[in-house]
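Proteins come first, then strands; the chains are lettered A, B, ... in the order of their sequence lines, and each starts at number 1. The model shown is predicted, which means the values in this text are computed figures rather than measured ones. Values below: all heavy atoms of this structure, side chains included; hydrogens, waters and symmetry mates excluded.
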2 protein chains.
Amino acid sequence: MATIYEVAALAGVSPATVSRVFNGLTVSEEKQRLVRDAAASLGFTPNKTARRLRKQSSEIIALLIPDIENPFYTALARGVEDRAQESDFSVVLCNTDDNPAKELRYLQIAASEQMAGVILSPASDEVDLGAIVSLGRPVVAVDRTTPYPVDAVKIDNRAAGVAATTALFDAGYRRIACIAGPAGIETTEDRFLGWRQVVTARGTGVHEGYLRHANFRVDGGFAAMAALLALETPPDAVVTTNNLMAIGALQALIQAGISPEKFGIAAVGELPFMTLPPETVVQVRLPARHLGRTAATMLLDRINGDTQPLRTVVLRADVSPPMPPGKASL
Amino acid sequence: MATIYEVAALAGVSPATVSRVFNGLTVSEEKQRLVRDAAASLGFTPNKTARRLRKQSSEIIALLIPDIENPFYTALARGVEDRAQESDFSVVLCNTDDNPAKELRYLQIAASEQMAGVILSPASDEVDLGAIVSLGRPVVAVDRTTPYPVDAVKIDNRAAGVAATTALFDAGYRRIACIAGPAGIETTEDRFLGWRQVVTARGTGVHEGYLRHANFRVDGGFAAMAALLALETPPDAVVTTNNLMAIGALQALIQAGISPEKFGIAAVGELPFMTLPPETVVQVRLPARHLGRTAATMLLDRINGDTQPLRTVVLRADVSPPMPPGKASL
DNA sequence: GAAGTCCAAGAAATCGATTTCGTCAAGAGT
DNA sequence: ACTCTTGACGAAATCGATTTCTTGGACTTC
């Protein structure tokens, strides 16, 4: 790898001039040409590490997500990546597994790697953003928020929960259960509140045992659904507060020999790779990619010195018409 | 962020000694304690950028995959990540979209960021690994291989294609079509050859129009299946050479009003988030995570100076019994 | 024509670690 | 008692860029 010194020597100028050429500072036409030719013939690429050490910052943004195997988050990541590319930033994807220890480790890496900023979906309320924030690096919370004063992009989860539940009601179901995520995670909390609001308002009340907490994954939804079906008065419909748990619930129905078409299912979130008729499941589509893009835009604004007061952008999700089959599902 | 100099000053030693303490070199008990105390009280974390500039290498490995929204690759990424973490390496995930230009860009970043090595699933045969390789950075090809002399981990794709097709045959299907990926990608090529081998050997021959090429995604599978169904003598079964195309094929069947249970479907790869009875689709399960883990192990060996001759590890996939429902699907 | 302004461009400092080199003292060997 | 190792550790060089600081010449301006 050629250095700036070799380029300078070959072009017959000083290293400073080479640097100036590559940073678009004032250099005479003449020398610019010399430098560019020399650089080209040596295949010179500026060493990012040296540049970063000097500039104390890089063009990399860290994206911390809780579950890389959940298509919702990969779609979100795509949104971030798309926006980042437009500004010549790279994205480093970090999988926290909803584990505060892994999360902390990645935050430290982000700090010690001089990354330009962080977008994260906090694994817990106790994230310690102190280190990053005190370094002056911007942070944007996405999907989930944090007690720290940082920008945020989220979804109107309560409304999403309401929409999912209402759709089931309107379809005639009356014994609507809810499979919620782990207690303490605000997204699922709000969606669950949406469910409760509807079942309460519509007068069916909350049946005993119709609220289940589960982990956010397929197996959690499966177990919760199995438990619901084992009740003496099982529900006739269920709302799940995320996408993967709905998959698990569907699998449980099938294993129990119940056709998913005869049971009301609504999910907050889009079911990835669905191979059931679209009308089988009510899906409240979340604008995952847009969420990511918005977060990236806000972060880049901050990186570029935007100092406006903290913002929280709330995106609204609707029960959208089913997507035509054959289209990429997210 | 505190520097090594401040720590040195506070501890009353030289910066060199601080460095030695943090790198486990010989330092007296006494001074070690002084340094550690000083570091702790200042909240010192070594600046990775400075370290990297000096050492000319980092503890980061780049992982280039063609499609981050395909669960096969995210599972692979998990395998890489798991192994990397064990050796205190971080993984940077790069999504090439099967686009040689994006691939090249990420390879340049890997080089100019002094990353320790690269694991990639090449987007095309023409990847230019020259820059990385000449820097002495190890490279491991995963899933797909390259003409460059680098280590590789792959799957016995031909056998996988044979297994998928044979299963359909054994189930009584005789008009077996094949939805293959884009021409020129070796994985799909080999799987398709497996299919051809079986339909030829078993005497049914290759019906006209029963071979379709499609892109590797859901919409590709959907379109190909729709085309197959429109033939005057449609097939009674189909083999898809990857997972997502099978999803698309299933969606096409459903839209055409054909129950997936009455049609033979086999896929090379595991269908993510399946909500159909497991016996509906023959799945040749690919050890994605293991693939990633193996690749990471090989790469780390090389990073640690392993100089044995080039290796190509071939993993075998089998038609495994369906996974019990409710288990995480990948 | 003298003084002031501007600008291209080189010399040298700087970012924060690691590493070579050299020094000094304590312990080993004869 | 005197050389020879050996080991801890400080001083200074180094990695490769960016960014002052300076300088010398061209250009204005009165």
Residue [X], side-chain heavy atoms: nucleotide from [options] that is nearest:
X: V27(A); options: dA17(D), dC15(D), dA9(C); value: dA9(C)
X: K55(A); options: dC15(C), dC15(D), dT19(D); value: dT19(D)
X: L53(B); options: dA11(C), dG16(C), dA8(C); value: dG16(C)
X: T17(B); options: dA8(C), dA17(D), dC9(D); value: dC9(D)
X: I4(B); options: dC9(D), dT18(C), dA8(C); value: dT18(C)
X: A50(B); options: dC21(D), dA17(C), dC9(D); value: dA17(C)

Worksheet item: Any N or O donor-acceptor pair linking the side chain of R52(B) to the base of dT14(D) at under 3.5 Å?
Response: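 In this structure, the two groups form no donor-acceptor pair.
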Discussion item. Looking at R54(A) and dT14(C), is any side-chain donor or acceptor paired with a base atom of the opposite kind under 3.5 Å?
Written reply: yes
If the cut-off is 4.0 Å, is [X] near the phosphate of [N], judged by side-chain N/O to OP1 or OP2?
X: T3(A); N: dG16(D); answer: no
X: S28(A); N: dA9(C); answer: yes
X: T26(B); N: dG7(D); answer: no

Please report the distance, rounded to the nearest Å, between [atom1] in [X] and [atom2] in [N].
X: E29(A); N: dA8(C); atom1: CD; atom2: P; answer: 11 Å
X: E113(A); N: dA17(C); atom1: CD; atom2: C1'; answer: 13 Å
X: L25(A); N: dG10(C); atom1: CG; atom2: C1'; answer: 15 Å
X: Y5(A); N: dA12(C); atom1: OH; atom2: P; answer: 12 Å
X: Q56(A); N: dT19(D); atom1: CD; atom2: C1'; answer: 13 Å
X: L34(A); N: dA8(C); atom1: CG; atom2: P; answer: 16 Å
X: E30(B); N: dG10(D); atom1: CD; atom2: P; answer: 12 Å
X: F22(B); N: dT19(C); atom1: CZ; atom2: P; answer: 16 Å

Whether [Y] and [X] form a salt bridge (side-chain N of Lys/Arg under 4.0 Å from carboxylate O of Asp/Glu) is what I want to check.
X: D98(A); Y: R217(A); result: no
X: D82(A); Y: R293(A); result: no
X: E59(A); Y: R52(A); result: no
X: R144(B); Y: D125(B); result: no

[X] side chain vs [Y] backbone, donor-acceptor pair below 3.5 Å:
X: Q56(B); Y: Q114(B); answer: no
X: S112(A); Y: Q108(A); answer: yes
X: D306(B); Y: Q308(B); answer: yes

Practice prompt. Could you check whether V13(A) gets within reach of a base, just the sugar-phosphate, or nothing at all, counting any heavy atom under 4.0 Å?
Written response: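 Touches sugar-phosphate only.
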Practice prompt. Describe the nucleic acid contact of S19(A) in one word from base, sugar-phosphate, nothing, applying a heavy-atom distance below 4.0 Å.
Written response: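 Here S19(A) touches the bases of the nucleic acid.
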Fill in: Donor-acceptor pair between Y106(A) and N95(A) side chains, under 3.5 angstrom
no
Practice prompt. Give me the residues of residues 39-48 of chain A where at least one heavy atom lies under 4.0 Å from an atom of DNA chain D, by number, or none.
Written response: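 Residues of residues 39-48 of chain A that come under 4.0 Å of DNA chain D are, in numerical order, F44(A), T45(A), P46(A), N47(A).
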Worksheet entry | Most 5' of S14(A) and V18(B) on DNA chain C, judged by nearest nucleotide | S14(A)
